[in-house]
S.K.: 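Encoded as structure tokens, here's the structure I'll be asking about.
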Amino acid sequence: MHAAPALSPTSDAPGAPGSSPDGTAAGTAADVPERGVVDRVVSWYDEHARDLPWRAPDRTPWGVLVSEVMLQQTPVVRVEPAWRAWMGRWPTPADLAAAPTADVLRAWDRLGYPRRALRLQQCAQVVVDRHGGQVPDDEAALLALPGIGSYTAAAVRSFAFGRRAVVLDTNVRRVLARAVDGHALPAPAQTRAEVERAAALVPDDDASAARWAQASMELGALVCTARAPRCDECPLVSSCAWVAAGRPADLHAHRRRTQAWAGTDRQVRGRIMALLRESPVHVPEPVLDEAWSATPQRARALAGLLADGLVVEHQPHPDEPPSYALPG
DNA sequence: AAACCGGGGCC
DNA sequence: GGCCCAGGTTT
């Protein structure tokens with residue numbers, strides 16, 4: 001079908017694992033094809049890593065976990081100030097676990113997908129109750145936490161504990177799709193084969209694996225971007241299969257469908273949540289009705305929020321309309 | 001496998 | 001106005 005990929009895991013002979021950090025820091029060109037993909041990307045990262053607070057030396061595993069949950073579908077630029085405020089207010093799992101849920105949802109503000117905030121607090125409670133207040137470092141225990149899936153579990157293991165993990169997010173998927181497969185973008189759904197291919201590229205030792213995880217994600221975020229990749233700044237350009245093929249268009253373009261937004265239940269939920277976040281007191285139903293004019297959709301959205309535990313209902317008197325508020 | 005779940009910024 | 005963003009959970 002296709003020619004041998006320009007890059008392959010076997011071209012990445014780990015060489016001397018503990019060799020890099022001392023001497024020459026890749027003086028000029030990071031793009032030396034003779035070096036493995038991993039080495040080139042890690043060297044690039046050493047010079048171009050962003051200075052993000054959840055990467056600071058004084059970071060905690062809990063801080064890393066909080067950042068990863070916030071970063072699920074929310075861009076870094078919007079997460080950074082929210083993370084600083086959040087960690088200043090609730091530095092430990094015990095702090096968050098003890099907070100009123102309404103405060104947590106207000107602090108989440110407009111990061112989106114507020115169920116994440118709810119699950120993050122539940123996660124804090126589980127960490128306190130079942131792990132002595134310490135974030136666990138093994139895969140199964142992390143995956144068992146609310147709101148933590150395969151990506152976030154791997155990211156926490158790698159970024160917080162420096163352990164080997166297959167960290168495969170949208171950035172890494174795109175980097176590998178281009179550099180190895182020669183595709184403009186990865187397939188819409190992650191496949192098992194894709195995970196195994198990514199796993200084969202991860203260095204064997206913990207420290208190198210953790211650096212590769214950080215570096216490959218950063219390359220995807222800063223250089224190998226979805227929209228306008230900066231191939232002239234890429235340490236892999238000389239061996240990139242996608243560049244070699246002339247940067248062909250996306251194979252799956254016809255299958256991608258962007259989520260509708262205007263007029264959806266999600267927009268109505270967002271308006272209701274915004275209204276309740278801003279109200280210090282319970283909101284009577286007639287006031288809540290201002291969030292959306294179409295009654296059936298408004299009712300459906302509210303029912304969903306109640307079912308999710310993001311909103312609670314109060315009805316002091318049976319002959320009066322109920323009122324609504326954030327929980328706790 | 002597909003649907004559902006926010007919100008903002010950039011092209 | 002379309003597209004993208006350090007995904008997870010549910011059906």
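Just so it is clear: chains get the letters A, B, ... in the order the sequence lines come, proteins before strands, and each one is counted from 1.
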S.K.: Are OP1 or OP2 of C/dG7 and a side-chain N or O of A/Gln73 less than 4.0 angstrom apart?
M.R.: yes
S.K.: State whether the distance check finds a donor on one side and an acceptor on the other, under 3.5 Å, for side chain A/Arg227 versus base C/dC3.
M.R.: yes
S.K.: When we call it a touch if two heavy atoms are under 4.0 Å apart, what does A/Trp54 touch: a base, just sugar-phosphate, or nothing?
M.R.: base
S.K.: Quick one: which of C/dA6, C/dG7, B/dG6 gets closest to the side chain of A/Leu71?
M.R.: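 Of the candidates, C/dA6 comes closest.
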S.K.: Just call it for A/Arg55: base, sugar-phosphate, or nothing, with non-hydrogen atoms closer than 4.0 Å on any strand.
M.R.: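 It contacts base atoms.
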S.K.: Does A/Ala155 reach a base, just sugar-phosphate, or nothing at all? Heavy atoms under 4.0 Å.
M.R.: nothing
S.K.: Decide yes or no, distance alone: a donor-acceptor N/O pair under 3.5 angstrom between the base of B/dG6 and the side-chain of A/Thr74.
M.R.: yes
S.K.: Regarding A/Arg59 and A/Ser67, do their side chains bring together a donor and an acceptor under 3.5 Å, going by distance alone?
M.R.: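 No, no side-chain donor-acceptor contact under 3.5 Å.
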S.K.: Rounded off to whole Å, could you give me the CG-to-P distance for the A/Leu168 and C/dG7 pair?
M.R.: 11 Å
S.K.: Please figure out whether A/Pro146 or A/Val76 has its closest DNA chain C nucleotide nearer the 5' end.
M.R.: A/Val76
S.K.: So what does A/Ile148 hit on the nucleic acid, given a heavy-atom distance under 4.0 Å: a base, only sugar-phosphate, or nothing?
M.R.: sugar-phosphate
S.K.: Any base atoms under 4.0 Å from A/Thr225, or only sugar-phosphate, or nothing? Heavy atoms, all strands.
M.R.: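 If one applies the 4.0 Å heavy-atom cut-off, A/Thr225 turns out to touch nothing in the nucleic acid.
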S.K.: Please confirm whether the shortest side-chain N or O distance from A/Arg271 to OP1 or OP2 of B/dG7 is below 4.0 Å.
M.R.: no
S.K.: Base, sugar-phosphate, or nothing: which does A/Arg50 touch, judged by heavy atoms less than 4.0 Å apart?
M.R.: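 Since a base atom lies under 4.0 Å of A/Arg50, the category is base.
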S.K.: Under 3.5 Å, is there an N or O donor on one side and an acceptor on the other linking the side chain of A/Arg110 and the base of B/dG6?
M.R.: no
S.K.: When you measure only distances, ignoring hydrogens and angles, does the side chain of A/Arg266 come within 3.5 Å of the base of B/dG7 through a donor and an acceptor?
M.R.: no
S.K.: For C/dC5 versus B/dG6, give the span between their C1' atoms, rounded off to a whole number of Å.
M.R.: 12 Å
S.K.: Mind checking A/Leu52 for me? I need base, sugar-phosphate or nothing, with any heavy atom below 4.0 Å counting as a touch.
M.R.: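 Base, at least one base atom sits under 4.0 Å.
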S.K.: With no hydrogens and no angle check, do the side chains of A/Arg266 and A/Gln259 hold a donor and an acceptor under 3.5 Å apart?
M.R.: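 Looking only at side-chain atoms, A/Gln259 and A/Arg266 do form a donor-acceptor pair, the distance falling under 3.5 Å.
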S.K.: If the C1' atom of B/dG7 is compared with that of C/dT10, how far apart are they to the nearest Å?
M.R.: 22 Å
S.K.: Any luck finding a side-chain donor-acceptor pair between A/Ser43 and A/Asp46 under 3.5 Å?
M.R.: no
S.K.: Between A/Trp44 and A/His48, how do the two ring planes meet: parallel, tilted or perpendicular, split at 30° and 60°?
M.R.: parallel
S.K.: Within the 4.0 Å heavy-atom criterion, would you say A/Ser67 contacts the bases, only the backbone, or no part of the nucleic acid?
M.R.: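 The answer is nothing, as A/Ser67 stays clear of every strand by at least 4.0 Å.
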S.K.: What is the nucleic acid contact for A/Gln259, judged by heavy atoms within less than 4.0 Å: base, sugar-phosphate only, or nothing?
M.R.: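 The answer is base, as A/Gln259 lies within the cut-off (heavy atoms under 4.0 Å) of a base atom.
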S.K.: For A/Gln72 and A/Tyr151, does a side-chain donor sit closer than 3.5 Å to a side-chain acceptor?
M.R.: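 Absent: no donor and acceptor within the cut-off.
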